[in-house]
Amino acid sequence: AMRQLHSSLINLALETLALDKKSDYERRDISGAMFAINSKRLPQAKKKIEKFRRQLLQFLGRGECDELYQLNVQLFSLTKGKK
């Protein structure tokens, strides 16, 4: 069920990316980075991502909330374990 949810949300992000009006662009932030890593630090990186996510949700949830947003963060290997 969780995989299906993530897949659906990624598809929604793709649909959002296809919207090209200036107002659509201003209402989203879709970015990425490709980089080499020290895989021994991956557990620490995952903890940092979790901390960032919680801090951002707390920050954006303050005050009167008027919109619903989805934040997706993907960190995955492009080398599939090959060295």
Side-chain angles (χ1 to χ4, degrees):
M2 190 56 76
R3 278 189 221 167
Q4 181 59 42
L5 173 64
H6 285 292
S7 180
S8 295
L9 292 170
I10 289 169
N11 284 327
L12 281 174
L14 285 170
E15 290 174 19
T16 301
L17 186 59
L19 301 174
D20 60 1
K21 290 187 286 186
K22 183 178 180 183
S23 61
D24 297 320
Y25 180 77
E26 291 170 347
R27 293 171 44 92
R28 68 177 183 240
D29 182 276
I30 298 177
S31 57
M34 187 182 310
F35 48 94
I37 70 162
N38 177 339
S39 61
K40 293 176 185 169
R41 292 186 173 175
L42 192 55
Q44 290 171 289
K46 291 168 79 172
K47 287 180 183 177
K48 287 178 177 274
I49 291 170
E50 182 180 354
K51 182 178 179 181
F52 161 74
R53 218 177 41 238
R54 289 180 185 200
Q55 288 175 339
L56 187 62
L57 295 177
Q58 185 179 34
F59 171 74
L60 290 173
R62 288 190 197 130
E64 185 178 335
C65 297
D66 60 347
E67 292 200 46
L68 183 63
Y69 268 68
Q70 172 66 32
L71 173 68
N72 293 334
V73 178
Q74 293 93 25
L75 178 64
F76 58 92
S77 173
L78 295 174
T79 54
K80 306 285 187 213
K82 298 175 187 171
K83 299 268 178 174

Output all residues satisfying side chain to side chain donor-acceptor pair (under 3.5 Å) with [X], sequence neighbours left out; order by chain, then residue number.
X   : result
Q70 : N72
S8  : Q4
R53 : none

| query | Sequence neighbours excluded, which residues qualify as salt bridge (charged side-chain N to carboxylate O under 4.0 Å, His left out) partners of R62? | reply | none
| request: Using salt bridge (charged side-chain N to carboxylate O under 4.0 Å, His left out) as the criterion, list what pairs up with R28, not counting sequence neighbours. | output: none
| said: Using a 4.5 Å cut-off between side-chain heavy atoms of Ile, Leu, Val, Met, Phe, Trp and Tyr, which other residues end up in the same hydrophobic cluster as V73? | reply: F35, I37, L42, I49, F52, L56, F59, L60, L71, L75
Among residues at least two apart in sequence or on other chains, which ones pass side chain to side chain contact (heavy atoms under 4.5 Å, CB included) with [X]?
X   : answer
L5  : M2, L9
Q55 : K51
D66 : none
L68 : none

| request: Sequence neighbours left out, what pairs pass salt bridge (charged side-chain N to carboxylate O under 4.0 Å, His left out) with at least one residue falling in residues 29-43? | output: none
| said: Considering only residues two or more places apart or on different chains, which pairs with a residue in residues 10-21 satisfy salt bridge (charged side-chain N to carboxylate O under 4.0 Å, His left out)? | reply: none
